[in-house]
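Predicted, not measured: the structure shown is a model, and the values here were computed from it. What's counted below: heavy atoms across the whole structure, side chains too, no hydrogens, waters or symmetry copies.
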Amino acid sequence: MLDVRTLRNDLDAVVEALSRRHDPGIVAEVRQAAGLDVELRRLSTERDELRSRIRSISKDVGSLFREGKREEAEGLQAESRQLGADEKRLDGEVAALDEALRALLLVIPNVPHPDAPDGRSDADNPVLGGGGPDPDSYAEHQRVPHWEVGEALGILDSARAAKLSGAMFSLLRGGGATLSRALTQFGLDANADAFVEVRPPTLVSSETLTATGQLPKFADDAYHLERDDLWAIPTGEVPLTSMHRDEILDAAELPLRYMTATPCYRREAGSAGRDTRGMLRSHEFDKVEILAVTTAEQAPGVFEELLARAVASVDRLGLTWRTVDICTGDLGQSHHRSTDVEVFAPGADAWLEVSSVSWFGDYQARRANIRVRPDGGGGTALAHTLNGSALAVPRVWAALLEVYRQPDGTVAVPEPLWGYMRGMVAITG
RNA sequence: GGAGAGGUGCCGGAGUCCGGUCGAUCGGGCCUCCCUGCUAAGGAGGUGAUGGGGCAACCCAUCCGUGGGUUCGAAUCCCACCCUCUCCGCCA
């Protein structure tokens, strides 16, 4: 959520920044919010003045009664009753305005970072760099899509997954299941030097899902358990960010770094028919997430660190990777600046997004009310939050199946994973 | 799921029966200063958040789990809900 005060003090700058998202509706919402804010302050000042008078009259009533001046006190009571009626009416108006303003602020997206490249869609995202084998260097036997490789080896069973839960769920077995778990462990171990492992709840309250920005705007994308009013998390970012909700942190203890391996649940409401084959898009998948809570000053450096870590893991696995700078039109609602990491899947002949490293500025911290007390003491400031996938298990799993497919149809296990595979160095079905 | 106890400031803990001078006693912690070879002990003062206004000193409002209600006035009375703890039940 944006700071209303920036709308108040420099509306033009906010409008200019948000217009880079190339969505005219947003600008209209911002202007509307600025108008509500003016009205809200006018009315709440009026209300506060009334309250102040009521309080002072009430004090007088108390002392008059004690002095036995009953009649005088009753006169004041009548006056205060009158003021009370006005106060109640005004307070109702203020509450309604406040709610309207908050509702609007919750759907207005974050301002893009000045360095975020301008663009309208993912087609405009510039490639920043890359590594690993040349995408053209892959041999014929590696150009088989993972869903065929997996089904042939009997380690991916989409039919049975559909029997249990419907389309877009996956069921892994044997070496496929082990490989998936190995990737999770590998992703955690790669970051354990600097990140505290957390095993959070994966069913969370509406409040928690609002803090990170999924609610209210993207309710259709998440699974909701109505009876208990709980939501299945779409990413580990959700519980990790809310861990410090409504807390004031000491600047000296920042940055806080957390990592978590969780299942992620997504309804994929707008993606029916896209990537329906294999492991590329699924209602439930595993992911290792890394996250940091920082001061504003620390944020840019930590952003680079998270990105470097996301890249390091796929690079160690021997995959072809590239980083993509997310342009203003493709930036997520809460994102201030984002870089994606993609790996090349020679069988599917596609670049797969395996990580999105994002800096949220104070946008999430304002929703979540995560504050920082500066080193020398003094007033609090909002924290900055950043996160990224350290390892999105199914897509890396998919790329590995294709890249490491041998001419005989078996899949070699890359060396960094050997220790997690119970001695398996190849998946032979 | 059943029964009971409880949620107050950075922490502990009063206040709630009997509404007013209670943003809140007291203690601890923390900060500044004084005293003292150092440290400890001792003494004095200070110490919340949020919103609004003001160049500033400062002023106004809100906050005692949350939301309603009663009242001139609510931490205190009434209603609903949430959470924590203890015991019982159930259970990976």
Side-chain angles (χ1 to χ4, degrees), chain A residues 1-11 33-106 199-211 225-231 239 242-254 263 362 365-383:
Chain A
M1 166 162 88
L2 298 179
D3 186 353
V4 262
R5 279 171 292 197
T6 63
L7 305 189
R8 198 179 295 160
N9 300 332
D10 204 353
L11 181 60
L36 286 178
D37 173 56
V38 170
E39 186 64 3
L40 177 65
R41 270 181 301 144
R42 189 178 68 76
L43 286 179
S44 58
T45 300
E46 204 176 315
R47 179 202 58 187
D48 286 353
E49 280 165 4
L50 270 178
R51 281 181 175 172
S52 179
R53 286 171 61 196
I54 290 169
R55 284 182 59 145
S56 109
I57 289 174
S58 294
K59 276 186 184 173
D60 293 345
V61 169
S63 36
L64 284 171
F65 269 122
R66 244 167 289 123
E67 290 163 21
K69 299 176 178 169
R70 194 181 172 81
E71 257 176 55
E72 231 177 299
E74 282 170 358
L76 283 183
Q77 279 183 333
E79 186 187 343
S80 184
R81 235 193 312 271
Q82 191 57 50
L83 292 175
D86 289 344
E87 189 271 343
K88 195 167 182 175
R89 178 182 52 77
L90 266 173
D91 192 45
E93 289 176 36
V94 167
L97 264 178
D98 199 40
E99 199 177 320
L101 177 58
R102 180 174 164 81
L104 206 49
L105 287 173
L106 282 176
R199 167 57 238 231
T202 56
L203 296 177
V204 300
S205 65
S206 297
E207 204 182 354
T208 298
L209 208 60
T210 303
L225 284 74
E226 244 175 74
R227 187 160 69 165
D228 298 297
D229 193 21
L230 288 169
W231 301 78
S242 275
M243 274 174 65
H244 293 291
R245 200 167 71 216
D246 295 321
E247 292 183 17
I248 301 176
L249 307 166
D250 279 331
E253 61 183 329
L254 300 183
D362 60 15
R366 186 170 291 103
R367 285 170 167 250
N369 192 28
I370 304 171
R371 287 169 290 169
V372 180
R373 184 169 317 279
D375 273 331
T380 59
L382 286 163

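When each of A:Gly62 and A:Thr45 is assigned the nucleotide of RNA chain B with its nearest heavy atom, A:Gly62 is the one assigned upstream, toward the 5' end.
A:Trp231 and A:Ser206 are linked by a side-chain donor-acceptor pair at a separation below 3.5 angstrom, with hydrogens and angles left out of the test. With hydrogens and angles left out, the side-chain atoms of A:Arg55 and A:Ser58 include no donor and acceptor closer than 3.5 Å.
Screening A:Gln77, A:Glu74, A:Glu72 against A:Leu64 for a side-chain contact (heavy atoms from CB on, under 4.5 Å) leaves a single residue, A:Glu72.
Going from atom CG of A:Leu50 over to atom C1' of B:rC72 covers 14 Å, rounded to whole Å. Atom CG in A:Asp246 sits roughly 16 Å away from atom C1' in B:rG9 (whole-Å rounding). If you measure from atom CD1 of A:Ile248 to atom P of B:rC11, you get 10 Å, rounded to the nearest angstrom. Rounding to whole angstrom units, CG of residue A:Leu101 and C1' of B:rU50 are separated by 15 Å. Rounded to an integer number of Å, the gap from CG of A:Asp37 to C1' of B:rG52 is 11 Å. The separation between A:Glu72 atom CD and B:rC72 atom C1' is 14 Å, rounded to whole Å.
Among B:rG51, B:rG20, B:rA49, the nucleotide with an atom closest to any side-chain atom of A:Phe65 is B:rG20. Comparing B:rA49, B:rG52, B:rC72 by their closest approach to the side chain of A:Arg8 singles out B:rG52. With distances taken from any side-chain atom of A:Ile54 to the nucleotides B:rG51, B:rA49, B:rG73, the minimum falls on B:rG73. You'll find that the side chain of A:Thr380 is closest to B:rA49, out of B:rG51, B:rC72, B:rA49. When each of B:rU21, B:rG73, B:rG53 is scored by its nearest atom to the side-chain atoms of A:Arg41, the top-ranked nucleotide is B:rG53.
The gap from the C1' atom of B:rG69 to that of B:rA3 amounts to 29 Å, rounded to the nearest Å.
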Protein-nucleotides 59-66 of chain B N/O pairs under 3.5 Å:
| residue | atom | partner | partner atom | Å |
| --- | --- | --- | --- | --- |
| B:rC60 | O3' | A:Ser52 | OG | 3.2 |
| B:rA61 | O2' | A:Asp48 | OD1 | 2.9 |
| B:rA61 | O2' | A:Arg51 | NH1 | 3.4 |
| B:rU62 | OP2 | A:Arg55 | NH1 | 2.5 |

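Around the CZ atom of A:Arg89, the shell of radius 6.0 Å holds more than 12 heavy atoms that belong to other residues, nucleotides or ligands.
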